[in-house]
Amino acid sequence: MGLLVVGSSCKRGHDNTGLEYAPQMYDAVGYEPYRQVKQNDINPMGLNMRLPATGTVARPNYQTKFGTGDSTSADLMLYNIPSDSMGISERVLKNPIPQTEQSLADGKVLYGRYCQHCHGEGGKGDGPVAAQYKGVPNYSSDALKTLNDGHIFHVITNGKGRMWPHGSQVTPDDRWKIVQYVHKLQQG
């Protein structure tokens, strides 16, 4: 019997693939996540997409309403600007959060939490980490006084030079508040 199987799977024709031991391994049935397949009897109720695991934290869509009673909303993220395209960020991105005393106060708190250890309390590049990592910039230097919203937001999101990206740690609306506070530090 074994000799018959081996002999029949070794025909010389180039179009003949012979016998396959486990065809489902070669021709897998992939389920498209946004399409229902009637043959899907693996998942509950025939759904291709699974329900999130218990305890999963939802990622917000970053649709935010600014101020109290303000009906203006802005899509704060999903700009889809590549990390190596700072010029695009400088030209396109504008801070959607109106500058208020509260947003500046929030920016100061967030700056103290995420930036002050390197850039220093006054933005002079004299934080405790800057003693180990040389080259931390001084925001009030002439070269950095003219940085616009898009540039600062891009650097916070994607990093630059020795600065690591903070996009996964700081939400977009918090990054914009930090941008406002950095502008205040740029003024000296």
Side-chain angles (χ1 to χ4, degrees), residues 33 50-188:
R50 293 284 183 115
L51 295 174
T54 305
T56 302
V57 177
R59 188 174 179 111
N61 200 12
Y62 299 123
Q63 290 281 337
T64 302
K65 296 200 182 296
F66 303 116
T68 56
D70 187 0
S71 63
T72 307
S73 70
D75 189 5
L76 294 175
M77 195 48 181
L78 303 182
Y79 297 115
N80 296 325
I81 297 175
S83 61
D84 62 346
S85 300
M86 189 173 305
I88 295 173
S89 296
E90 290 172 345
R91 288 190 310 272
V92 173
L93 299 181
K94 304 286 185 243
N95 196 333
I97 298 178
Q99 185 168 335
T100 62
E101 289 182 26
Q102 182 61 46
S103 66
L104 273 175
D106 291 347
K108 182 177 183 176
V109 169
L110 293 163
Y111 178 86
R113 188 177 299 155
Y114 295 106
C115 313
Q116 184 172 329
H117 55 277
C118 288
H119 294 281
E121 186 175 353
K124 304 288 185 198
D126 57 354
V129 176
Q132 300 298 319
Y133 285 98
K134 303 299 179 201
V136 177
N138 178 352
Y139 294 138
S140 60
S141 68
D142 290 338
L144 301 180
K145 278 188 175 182
T146 59
L147 295 179
N148 67 7
D149 292 348
H151 181 97
I152 298 168
F153 185 87
H154 186 89
V155 171
I156 295 170
T157 305
N158 300 302
K160 181 181 178 192
R162 288 186 166 189
M163 180 175 162
W164 287 43
H166 288 72
S168 63
Q169 300 162 336
V170 185
T171 63
D173 51 343
D174 287 346
R175 280 180 256 160
W176 284 120
K177 291 174 184 177
I178 293 171
V179 168
Q180 288 180 356
Y181 187 70
V182 168
H183 282 313
K184 183 177 178 182
L185 295 176
Q186 284 176 319
Q187 296 168 0

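When all heavy atoms of A130 and G125 are compared, the pair lying nearest together is CB-O, 3.3 Å. Across all non-hydrogen atoms, the minimal contact from S103 to P98 is OG-O, 3.4 Å. Taking every heavy atom of both residues into account, R162 and W164 meet most closely at O-CD1, 3.1 Å. Among all heavy-atom pairs drawn from P165 and T157, the shortest one is CB-O, 3.2 Å. Closest approach of S141 and N138 over heavy atoms only: OG-O, 2.9 Å.
Proximity of a side-chain donor or acceptor of Q99 to a complementary backbone N or O of L104 within less than 3.5 Å is not detected. The main-chain N or O of K94 is never found under 3.5 Å from a side-chain atom of D149 such that the two would form a donor-acceptor pair.
Defined by atom type and a distance below 3.5 Å, a donor-acceptor pair is missing between the side-chain atoms of H183 and Q180.
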- [ ] Starting from the C-alpha separation in whole Å, work towards a yes-or-no answer on side chain to side chain contact (heavy atoms under 4.5 Å, CB included) for R175 and I152.
- [x] CA-CA 9 Å; R175 280 180 256 160; I152 298 168; over 6 Å; no
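Take H151 and apply the side chain to side chain donor-acceptor pair (under 3.5 Å) test, not counting sequence neighbours, and it matches E90. Among residues two or more places apart in sequence or in another chain, the side chain to side chain donor-acceptor pair (under 3.5 Å) test is passed with S89 by H154.
Atom NZ of K145 is surrounded by more than 12 heavy atoms from other residues, nucleotides or ligands within 6.0 Å. Within 6.0 Å of atom NZ in K184, 12 or fewer heavy atoms from other residues, nucleotides or ligands are found, so the atom counts as exposed in its surroundings.
Here Q187 contributes atom CD and S140 contributes atom OG; the two are 11.0 Å apart, rounded to the nearest 0.5 Å. Rounding to the nearest 0.5 Å gives a distance of 8.5 Å between CG of N148 and CG of L93.
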Under 3.5 Å, which donor-acceptor pairs link side chains of residues 107-123 to any protein atom two or more places apart or in another chain?
residue, atom, partner, partner atom, Å
Y111, OH, G120, O, 2.7
H119, ND1, Y139, OH, 3.3
H119, NE2, Y139, OH, 3.4

